[in-house]
Asker: 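One structure, as structure tokens, below. Some questions next.
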Amino acid sequence: MEELIEFLDQSNKEEYRALGKKINIPISDFEPYIHYESEVYTRNCIKRTEAYELLLLCWDEGQITPIHCHNNQECWVHVLKGNLHEIRYRGDAPNLKIEQELDLLKEGMSYMNDDMGYHSLENIAKGKAITLHLYMNPIDECNIYDEANQKFELIEMTYHTFEGELVEA
Ligand SMILES: [Fe+2]
């Protein structure tokens with residue numbers, strides 16, 4: 001993983017885009033950042049710079065994100081453990097339409113940005129899942145879809161752990 005961070009620190013946007021095939025990191029490298037909560041999937045920041053944030057998301061069985069945007073940034077997801085179901089949406093509230101459904105399998109890579117619409121992710125593994133997310137640039141707030149009221153609301157993004165330390169709520 002040190003190699004990955006070195007690569008990220010020295011790379012420009014074009015090189016980030018070619019990252020897909022380069023990730024081959026033993027899961028033991030991520031041990032300090034693995035943190036689960038029973039109620040929600042967790043966002044654990046491994047490294048944050050002005051250019052990017054590298055997060056480890058830890059999912060208990062069945063945990064799911066709301067439908068969300070990416071605040072005009074780019075997002076790569078790499079599955080380290082388990083598998084996830086991704087649903088991509090187009091349109092505007094309250095008329096979101098499912099455009100595509102994908103299963104993200106172990107070692108799979110997915111890419112998303114706002115031009116591609118909105119999406120949600122769900123852990124469909126029997127047991128826990130772990131995914132590595134690269135956001136470029138970091139995302140401090142994003143719109144999430146409130147399905148009950150059929151509208152988007154802007155929320156501030158938070159971390160459950162930062163560089164391996166628990167973040168106070
Ligand atoms: Fe996302």
Side-chain angles (χ1 to χ4, degrees), residues 1-37 40-59 63-82 84 86-90 92-93 102 104 107-123 129-146 152-169:
M1 185 165 66
E2 279 166 26
E3 266 174 62
L4 172 63
I5 287 179
E6 211 171 293
F7 171 80
L8 293 174
D9 285 341
Q10 292 168 0
S11 299
N12 59 35
K13 289 192 174 196
E14 291 312 313
E15 287 166 323
Y16 283 151
R17 293 192 179 93
L19 183 65
K21 299 232 177 327
K22 296 190 181 176
I23 296 181
N24 183 12
I25 305 170
I27 199 136
S28 56
D29 274 25
F30 295 100
E31 206 58 54
Y33 310 102
I34 297 175
H35 170 79
Y36 293 97
E37 292 196 4
V40 288
Y41 71 94
T42 64
R43 304 176 81 246
N44 305 286
C45 184
I46 296 171
K47 174 134 194 209
R48 181 184 173 119
T49 70
E50 278 180 19
Y52 71 87
E53 73 188 320
L54 183 66
L55 303 190
L56 195 71
L57 270 59
C58 298
W59 313 71
Q63 288 178 338
I64 187 168
T65 70
I67 299 166
H68 60 272
C69 77
H70 296 87
N71 210 17
N72 292 317
Q73 308 305 334
E74 299 185 87
C75 163
W76 290 262
V77 180
H78 176 71
V79 181
L80 293 166
K81 176 190 168 91
L84 283 94
E86 176 181 15
I87 305 180
R88 295 183 172 183
Y89 298 84
R90 286 274 186 191
D92 287 301
L102 304 159
L104 309 181
E107 287 166 18
M109 188 88 176
S110 174
Y111 171 80
M112 192 71 187
N113 66 37
D114 286 347
D115 292 338
M116 297 161 68
Y118 304 91
H119 77 168
S120 66
L121 295 171
E122 177 179 12
N123 175 17
I130 300 176
T131 49
L132 184 65
H133 296 237
L134 176 66
Y135 298 103
M136 189 189 80
N137 300 334
I139 299 179
D140 289 320
E141 53 184 26
C142 78
N143 284 305
I144 64 167
Y145 192 55
D146 176 347
F152 280 97
E153 62 174 315
L154 189 66
I155 60 149
E156 215 174 287
M157 308 305 287
T158 56
Y159 302 131
H160 292 86
T161 67
F162 184 80
E163 295 177 352
E165 302 289 331
L166 263 180
V167 173
E168 298 294 323

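What you see is a predicted model, and the numbers here were worked out from it, not measured in a lab.
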Asker: Out of curiosity, Glu165 CD to Cys45 SG, how far, rounded to the nearest 0.5 Å?
Answerer: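 Separation between the atoms: 12.5 Å.
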
Asker: Could you report the tightest heavy-atom contact between Cys69 and Cys142, atom names first, then the distance?
Answerer: O-CB, 3.7 Å

Asker: Once ring-ring contact (aromatic ring centres under 6.0 Å, His included) is applied, do any residues pair with Tyr118, and if so which ones, sequence neighbours excluded?
Answerer: Phe152

Asker: Is Ile130 close to Phe30 at the side-chain level, that is, under 4.5 Å between some pair of heavy atoms?
Answerer: no

Asker: Closest heavy-atom contact between Ser28 and Pro32?
Answerer: O-CD, 4.4 Å

Asker: Please answer whether the main-chain N or O of Gly164 pairs with a side-chain N or O of Thr161 as donor and acceptor at a distance below 3.5 Å.
Answerer: no

Asker: With a sphere of 6.0 Å drawn around CD of Glu37, does it hold more than 12 non-hydrogen atoms of other residues, nucleotides or ligands?
Answerer: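 Check passes, neighbour count above 12.
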
Asker: For Asp140, give me all partners under salt bridge (Lys or Arg N to Asp or Glu O under 4.0 Å), at least two apart in sequence or on another chain.
Answerer: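 Residues passing salt bridge (Lys or Arg N to Asp or Glu O under 4.0 Å) with Asp140: Arg48.
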
Asker: Of all heavy-atom pairs between His70 and Cys75, which one has the smallest distance, and what is that distance?
Answerer: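 For His70 and Cys75, the tightest heavy-atom pair comes out as CD2-CB, 3.8 Å.
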
Asker: Report yes if the side chains of Thr42 and Tyr33 come closer than 4.5 Å at any heavy-atom pair, otherwise no.
Answerer: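 When only atoms from C-beta onward are counted, Tyr33 and Thr42 do not touch, as no gap falls below 4.5 Å.
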
Asker: Where do Glu141 and Asn71 come nearest, in terms of heavy atoms and distance?
Answerer: O-ND2, 2.9 Å

Asker: Roughly how far apart are Met136 CE and Thr49 OG1, rounded to 0.5 Å?
Answerer: 10.5 Å

Asker: Measure the CG-OG1 distance between Leu104 and Thr131 for me, rounded to the nearest 0.5 Å.
Answerer: 9.0 Å

Asker: Any side-chain heavy-atom pair from Leu57 and Val77 closer than 4.5 angstrom?
Answerer: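 No. Closest side-chain heavy atoms not under 4.5 Å.
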
Asker: Mind checking side-chain hydrogen bond (donor to acceptor under 3.5 Å, both in side chains) for Asn123 and listing every partner two or more places apart, or none if nothing turns up?
Answerer: none

Asker: Run through Glu163, His133, His160 and flag the one making a side-chain contact (heavy atoms from CB on, under 4.5 Å) with Asn44.
Answerer: His160

Asker: Tell me whether Glu153 at atom CD has more than 12 heavy atoms from other residues, nucleotides or ligands lying less than 6.0 Å away.
Answerer: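 Yes, CD of Glu153 has more than 12 neighbouring heavy atoms, counting only those of other groups under 6.0 Å.
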
Asker: Which pair of non-hydrogen atoms, one from Trp59 and one from Thr65, has the smallest distance, and what is that distance?
Answerer: CH2-CG2, 3.4 Å

Asker: Sequence neighbours excluded, which residues qualify as salt bridge (Lys or Arg N to Asp or Glu O under 4.0 Å) partners of Lys47?
Answerer: Asp9

Asker: Side-chain contact test, heavy atoms from C-beta onward, threshold under 4.5 Å: evaluate it for Ile67 versus Ile87 and give yes or no.
Answerer: no

Asker: State the OH-OG distance between Tyr89 and Ser120, to the nearest 0.5 angstrom.
Answerer: 4.0 Å

Asker: Just to verify, what does Asn113 make a side-chain hydrogen bond (donor to acceptor under 3.5 Å, both in side chains) with, not counting sequence neighbours?
Answerer: Tyr111

Asker: Got a second to check how far Tyr135's OH is from Arg43's CZ, nearest 0.5 Å?
Answerer: 5.5 Å

Asker: Among residues at least two apart in sequence or on other chains, which ones pass side-chain hydrogen bond (donor to acceptor under 3.5 Å, both in side chains) with Glu86?
Answerer: Arg88, Ser110, His119

Asker: Does some side-chain heavy atom of Ile139 sit less than 4.5 Å from a side-chain heavy atom of Glu53?
Answerer: yes

Asker: Have Gln63 and Tyr36 got a donor and an acceptor in their side chains that come within less than 3.5 Å?
Answerer: no

Asker: Distance from Leu4 atom CG to Leu134 atom CG, nearest 0.5 Å?
Answerer: 8.0 Å

